[in-house]
Amino acid sequence: METFLKDKTGVVLGVANKRSLAWACAKSMADAGMRLAFTYLGDRLEKTVRDLAAEIPNSIVLPCDVTKPEEVTELFEKLKEEFGYLDTVLHAIAFAKREELQGDFYHTTKEGYMLAHEVSAYSLTEVTRAALPLMEGREGSIVTLSYIGADRVVPGYNVMGIAKAALEASVRYLAADLGPQGIRVNAISAGPVRTLSASGVKDFSKRIDEVAARTALRRNVTAEEVGDACLFLSGPHSRGITGTVLFVDAGFHIMG
Ligand code: NAP
């Protein structure tokens, strides 16, 4: 077992179940020795997240709905008490109303637009700001998850594509802000993986099969491959990388 993240701590936002990309990222980081905190959204998910976290030695579980500023504040207060410091923040959350993820993009409502941006893009800045006091002097890393729908029109991705573009721009601005403190901020643009959120995108199952045939590797990526990229970005091997979007998509983005 690798232990190069021994004595490092991280908080993982976005585990809904064992298929979540956040869970694969967490397992990779925990296997390298990182101590983890998991957050859950609302009582409905608490048991699932607690059951999964029980597989990760020494981990803790705390509530956090990013649309509730008091829960974000309390999360980092609790992390200060429990861990004292923080090396990694994994932001793996996104949300849009199901009806916004089908049909024409121009039907997007203002309410749906704002909600998608609040949860999927703004929350990175909010969480980063709250994490900063715990990351002081640690040369830590903040990682978020994006999708190629930020760069290209993906049918059905609609408002989430706009939110991911805002998320990726936030990565660059945050990286420039936090670089002088030695804190890095990066995104992984993951290829499609069957998860709960992904099932909300219309025709996702059809698309995932089509994408597999069109990638350079002629297959889709696995959650574990995304997890290992997260391990790389959260640890010392990526110490010269910040403000970037790393494609973990089996080479889909290079194909014409
Ligand atoms: P997932 O397992 O459904 O994870 C999404 C997480 O976001 C869930 O835990 C969800 O909780 C949480 N969330 C939603 N609203 C929230 C809020 N207000 N506060 C806190 N958490 C909230 O799906 P996933 O595919 O692993 O998604 C993780 C990230 O990867 C997302 O940013 C997604 O856009 C990105 N991504 C996914 C793919 C893919 O193909 N799966 C590809 C590229 C990028 P609930 O389940 O309770 O809503």
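Everything quoted here is computed from the prediction, not taken from an experiment. Counting convention: from 1, in listed order, for ligands and their atoms alike. Hydrogens, waters and symmetry mates are skipped; everything else that's a heavy atom, side chains included, is used.
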Is there side-chain contact between Cys64 and Leu41, with heavy atoms separated by less than 4.5 Å? no

For ligand 1, which atoms have a heavy atom of Leu21 less than 4.0 angstrom away? 26 (O), 30 (O), 36 (N), 37 (C), 38 (C)

Per-atom contacts of ligand 1 with Leu145, taking only distances under 4.0 Å to non-hydrogen atoms: 29 (C), 30 (O), 32 (O), 35 (C)

In short, Met29 meets Cys230 closest at the heavy-atom pair SD-SG, 3.9 Å

Salt-bridge contact Lys78-Glu81 (side-chain N to carboxylate O under 4.0 Å): yes

Identify the closest protein heavy atom to atom 5 (C) of ligand 1: which residue and atom is it, and at what distance? Ser197 OG, 3.3 Å

Numbering as shown, the atoms of ligand 1 that approach Val15 to under 4.0 Å (heavy-atom distance): 9 (O)

Interfacing atoms of ligand 1 (cut-off 4.0 Å, heavy-atom, Ala198): 41 (N)

Charged N-O contact under 4.0 Å between Lys164 and Glu168: no

Among Thr195, Val248, Asp249, Val201, which one has a heavy atom closest to atom 25 (O) of ligand 1? Thr195

Closest to atom 33 (C) of ligand 1 among protein heavy atoms sits Lys164 NZ, 3.7 Å

May I ask you to say whether Arg219 pairs ionically with Glu225, meaning some side-chain N is under 4.0 Å from a carboxylate O? yes

Out of Gly42, Cys64, Gly14, indicate the one that has the non-hydrogen atom closest to atom 20 (C) of ligand 1. Cys64

Asn158 side, atom CG; Leu101 side, atom CG - distance, nearest 0.5 Å: 6.5 Å

If you measure every N or O of Leu45 against every N or O of ligand 1, does any of those distances drop under 3.5 Å? no

A quick test of your reading: do over 12 heavy atoms of other residues, nucleotides or ligands sit less than 6.0 Å from NZ of Lys206? no

What is the closest protein heavy atom to atom 8 (C) of ligand 1, and at what distance does it sit? Ala16 CB, 3.7 Å

Quick one: which ligand 1 atoms are inside 4.0 Å of a heavy atom on Pro192? 40 (O)

Is any side-chain heavy atom of Val11 less than 4.5 Å from a side-chain heavy atom of Phe38? no

Do other residues, nucleotides or ligands put more than 12 heavy atoms under 6.0 Å from Asp43 CG? no

Could you tell me, atom by atom, which parts of ligand 1 come under 4.0 Å of a heavy atom of Thr67? 18 (N)

Quick one: does Gly191 get within less than 4.0 Å of ligand 1, heavy atoms only? yes

If you define the side chain from C-beta out and look only at heavy atoms, does anything of Val159 sit under 4.5 Å from Leu115? no

Return the residue, atom name and 0.1 Å-rounded distance of the protein heavy atom closest to atom 28 (C) of ligand 1. Ala92 O, 3.1 Å

Only heavy atoms of Asp65, strictly under 4.0 Å: list the atoms of ligand 1 that pass. 17 (C), 18 (N), 19 (N)

Heavy atoms of Val226 and Ile188 approach each other most closely as O-CD1, 4.0 Å

Among all protein heavy atoms, pick the one closest to atom 43 (C) of ligand 1 and tell me residue, atom and distance. Ser146 O, 3.1 Å

For ligand 1, does Arg19 get within less than 4.0 Å through its side chain, its backbone, both, or neither, judged by non-hydrogen atoms? neither

Based purely on interatomic distance, does Val193 place a nitrogen or oxygen under 3.5 Å from a nitrogen or oxygen of ligand 1? yes

Flag Val66 as yes when one of its N or O atoms lies below 3.5 Å from any N or O atom of ligand 1, and as no otherwise. yes

Side chain proximity check, Arg35 to Lys8, heavy atoms < 4.5 angstrom: no

Protein residue, atom and distance nearest to atom 11 (O) of ligand 1, heavy-atom basis: Leu41 CD2, 3.6 Å

Salt-bridge contact Lys27-Glu55 (side-chain N to carboxylate O under 4.0 Å): no

What residue and atom, counting heavy atoms only, is the protein's closest point to atom 2 (O) of ligand 1, and at what distance? Ser20 OG, 2.6 Å

Note, Val245 side chain near Asn186 side chain (heavy atom, < 4.5 Å): no

For atom 15 (N) of ligand 1, what's the nearest protein heavy-atom neighbour? Residue, atom name and distance, please. Val119 CG1, 3.5 Å

4.0 Å heavy-atom contact, Arg44 with ligand 1: yes

